[in-house]
> 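One structure, as structure tokens, below. Some questions next.
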Amino acid sequence: MSRRAWLVLGGLLVAVVVLVVVLVSGSDTPTVTVPTVSLQSPPAPSSTTTPALATGVLAMGNLSDPANTFYELFDRPAGASDWTLATPPGVADNGGLVVGPSASGALTAGFLPAADLTFSVLASRAAGSTQWTPGDVPGTLAAEPDALAAGPSGQTAAVLSGNDSPVEAQASGASSWHRVATAGDLAGVHGGCPVTRITSVAVTASGAPVVGAHCTGPQVGIFVPRDASAGVTPDLDAPDRGWSRAGSTLGAPGVTATTVLRLQAEGAGIAGLVEGSGSADSSIVGVWGASATAVIAQSSPLTVQSGWAVRATATGGSGGLGVAVLLGTASARGLRLAGVAGPGQPWVSYATPPSGTTAVALVGDEVDAFVPAGSTLHVWAATGTGPWRQVGQLTVPIQYGSSS
Amino acid sequence: MTGMGGPTGPGDSSIVAEFHHALADQGAIILVLLAILFIGWNQLRSMQYRRSVARGEAFGPAESELPPEPPGRRFLRIAFGLLWLFDGLLQLQSGMPTGLPSGVIQPAAATSPEWVRHLVDSALNLWTNHPAAAAASTVWIQVGIGVLLLVAPRGPWSRGAGVVSVVWGLVVWSVGNAFGGILAPGLTLLFGAPGAVLFYVVAGVLVALPDRAWIGRTIGRVVVGGTGVLLLGFGVLQAWPGRGFWQGSIGHGPGTLAGMVAQMAQTSQPGPLSSLVSSFASFDRAHGWGVNLVAVLVMLAIGTVLVGVGLAAGDKDAGADPAADGVTVRDPVGGTLGLLLVPALVVLAVACLADWVLIEDFGFWGGVGTDPNSMLPLLFVTYGGYLALRRPSVAPPAAVDGAGASTPAVPVEVGRPEPATEPGPTPVGAGVGASAAAVSETAESGLPERRAWWEGIDSRRAGRIAATAGALGILLVGVAPMAASAASRSADPQIAVATDGAPNVTSGPAPAFSLTAPDGATVSLASLRGSTVVLTFLDPVCTTDCPIIAQELRVTNTLLGADSAKVRFVAIVANPIYRSTRYVVDFNRQEGLDTQSNWLYLTGSLADLQKAWNDYGVTVQTAPAGGMVAHADIVYVIDAHGSVRRILNSDPGTADSSTESSFAGLLAGQVTQVIHQ
């Protein structure tokens, strides 16, 4: 080969080496990689009213910036006229907050993962106390309003995220958790429904867990233990893993899937909301069970027109069996609030909630609407189908910038 | 337009200082190299001159036996040599180290397809991890290419300069320019598409071609015709409806071109120029349709003429007008096309210059401008092609042997020795490839006199070699640090210093602590004597800083290599509420630190923790309303005897891969110093 060719070849070789060095630079550098989980969308705002305490969870701060959106817990003890900020301290809650109040007024709250925190932690508070005690849960909580439930004697049940959405329970005073059910377990229940995920859990007055699920069919996916006396430890070796389906077929036409949106213990029984979706409009149905094993009663269906969606839910109210749903359009300009007081009662449409309402609560005969504006929470109230009036305003010390 | 952005962010002054320091050091090396080369060459000439005077011989280089460099090649080589030199000098701007990725490279790729952005981000790691070294390297690489093109006019080194120009140009075009934006929307020749540096690549290819490729008009036809095709294509694109160029205004806002120009006018630049560009933006907004029409017509008309010339030009002369030097100067194309060629080129030049001033705004204002954009390179390539067309090289006459037969003529390259025919009195220093020991008769002694080896070296050629060596030296000074940076295992520690400040070097006993490990064992500072301790404070349920700091410590452990056996990484819980062992275990598992043998995450009673926080100056404060527990981000390096030797601020800042890698590298360096001091 001529000298010229060697020189050209040498030049090309040098050039290629330079190019390779540039393009593969850093391939041997130990990288700083922070483990993350695929974050769930936080649950929709919700409220729960028990005989002792009303609680509500909603997002505040800069709602267009996830790092500056904080999920705040407000509570209002029975007999009190005002709501109070009650968010547990110690953990950033940008990922969402779920709450499991018990009938006694005790409260358990769960923090969903956010940013680089990949596991959930709990905080619990005794009835009448303002001090929170840290707790843990064996996994990451599901992003559902009723993913956490507290029993009357200190039992706790939690729906976890994951492929099979397992439900874990902890007996009162115990440090360990045990598996109660999975979506696979419930899907195999005789006469059940095709369960794809578990969406809610409640613990009745007898300590029995009740589980709500998403089913790909018209059946309502509410499951109760075959042996309610077993408390939060159903016999998983029993037929159907110790579960049976309490819900019936949703009383709405054209339903191809049902989702238990809310499930709360009301005395010995339960109350909740189920959404049925199909080809066109969806439907919302109130559901009740007088006891853990009783047949579930349904309200008439509330039609949710196309373009509208569930923005918030509420349980409780006078008698404790009320359920309400806040519907909104995609632009959030349209708002509609409806509720039903109990089994056999019709749906009642309330006056159009104030603009900016993101959460509602049923407190006695009153329905409260929460309108967050940055660090300020405006509280409105209406009695029955009467007009709304502003009844309170709270300034919340949002910790902007603390999570970024 | 990319590159014409704003100033660098706060905290960059230390990186700029490092950049200047690197330039100064590398510049000193280059100066020494050039000085050595110059002194050597000058010494050679001095010695040759003295010897020639002593012998009474003529001094000076012999006439070159090489044919002259093709005018087109010469023009391209010098023009792009100057452009590379200018671009290299632009890289000296203080904003380059930290401003180039965010102000130039990433915006260029922002609207390109995902795979382009991924390629750019991968290559960008080198720059963002070593901003000062990469910026300094780029200066010398581009200056080196420019100088090499200028000082090596012929031969393999000149062609090698073309090759290097092609390679570096392709690197810049692909990862620095996102392929000139040809895959992004809004493509227009007026604003720099298909990428200025692509013309540098074309020129490099032409310079790299062998001399015989320049014989005839082929290169000229290809370049001129190719320019015509480019103009036609972009003319059609410019005329395409729906791209916003026909409208001066769209709704209440400016049209595509007017908006781009208005943005250019806001770049930091001299006031009169900004006013001029802004005025043009206003003019385009009012007369967008007309401006675009003119642009389209110019591109299509000139493109048509150039394509026609490229197709019609042949090696047969349209008219005979031989020049004395043997390089024929004849009309390459006859007829109308031939008459239109020069006017078309004049119009193209005027249009390009107008675009360069009014639309591209010279291309390099704003603090991170990397080049004068595309109009000048486009003009240079076109004119080079025109010269190749108008003044092509001719093959040297074939050699005729004694029998009258001719041998095929080949272009002669510099350095190839021609057989001497009539050895006559040879000037000193003029022997091209001459034997090292020439022998000549002396009149006095009658004995043959041996010449020294350096007497036979052509001083002109030696000068070119020295200059070429100098240019290569400049290139190497640029390439070597970049290669070293690419091989580095962490980002430049200076990035962390710019973010968090320099480590605090100190000396004093480390406060004692006695806390609990996840396995229940009691761990005290005293029990860690004999190891270097890297101590920090982490919140196990933190959502941002603490996981990042934990990973930085994990990488630091890796970077320490064998020294990691002498180090214990200790974290103390910094949360008064979520402080039990179960959260520590969850955090360790989350961060993958449960398997690192020299990692300890300690907790204890609230009183014990508060004592440790106080002793180490760490404030820990809970926040209301869902806020995270606030605590200082700090790392202590404690030597094997229990003395605090370093204190580092470990705030992740922007928490990108460069700052994180840089902190890990900085900490590893500090720990290594403490271990070995």
> Any chance you could measure A:Phe119, atom CZ, to B:Phe587, atom CZ, to the nearest 0.5 Å?
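Here the rounded value is 8.0 Å.
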> What residue in A:Asp93, A:Thr87, A:Ile398, A:Leu97 has the most heavy-atom pairs under 4.5 Å with chain B?
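Highest number of pairs under 4.5 Å: A:Asp93.
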> Write down the atom of A:Gln399, the atom of B:Ala623, and the distance for their closest heavy-atom approach.
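Answer, listing the atom of A:Gln399 first, then B:Ala623: OE1-CB, 3.7 Å.
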> Would you say A:Leu117 and B:Cys542 make side-chain contact, with heavy atoms under 4.5 Å?
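Sidechains of B:Cys542 and A:Leu117: no contact.
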> In terms of heavy-atom pairs under 4.5 Å, which option from B:Arg579, B:Met628, B:Glu552, B:His130 contacts chain A the most?
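Between B:Arg579, B:Met628, B:Glu552, B:His130, the count favours B:Met628.
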> So, for B:Thr544 and A:Ser403, which heavy atoms are closest and what is the spacing to 0.1 Å?
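So the two residues come closest at CG2-O, 3.0 Å.
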> B:Asp586: what forms a salt bridge (Lys or Arg N to Asp or Glu O under 4.0 Å) with it, not counting sequence neighbours?
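Applying salt bridge (Lys or Arg N to Asp or Glu O under 4.0 Å) to B:Asp586 gives B:Arg589.
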> Is the closest side-chain heavy-atom distance between A:Phe111 and B:Val541 below 4.5 Å?
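They are not in contact (no side-chain heavy atoms under 4.5 Å apart), so the answer is no.
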> Minimum heavy-atom separation for B:Gly627 to A:Ser402, with atom names?
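Minimum heavy-atom separation between B:Gly627 and A:Ser402: CA-OG, 4.1 Å.
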> Write down the atom of B:Arg582, the atom of A:Gly135, and the distance for their closest heavy-atom approach.
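Where B:Arg582 meets A:Gly135 most closely, the heavy atoms are NH2-CA, 4.0 Å.
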> Going by residue number, which parts of residues 122-133 of chain A are within reach of chain B, meaning a heavy-atom gap below 4.5 Å?
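Against chain B, the residues of residues 122-133 of chain A that fall inside the cut-off (heavy atoms, under 4.5 Å) are A:Leu122, A:Ala123.
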> Testing the basics here: between B:Ala625 and A:Val396, what is the closest heavy-atom pair and its distance to 0.1 Å?
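The answer is CB-CG1, 3.8 Å.
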> Checking heavy atoms, do the side chain of B:Pro652, its backbone, both or neither come under 4.5 Å from chain A?
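For B:Pro652, no heavy atom lies under 4.5 Å from chain A.
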> May I ask you to test the A:Asp116-B:Gln590 pair for a side-chain heavy-atom distance under 4.5 Å?
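No, every pair of side-chain atoms sits at 4.5 Å or beyond.
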> Which answer fits A:Tyr71, side chain, backbone, both or neither, if we ask what part of it has an atom under 4.5 Å from a heavy atom of chain B?
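Neither part.
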> Which pair of non-hydrogen atoms, one from A:Pro134 and one from B:Tyr578, has the smallest distance, and what is that distance?
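Smallest heavy-atom distance, with atoms named: CB-CE2, 3.5 Å.
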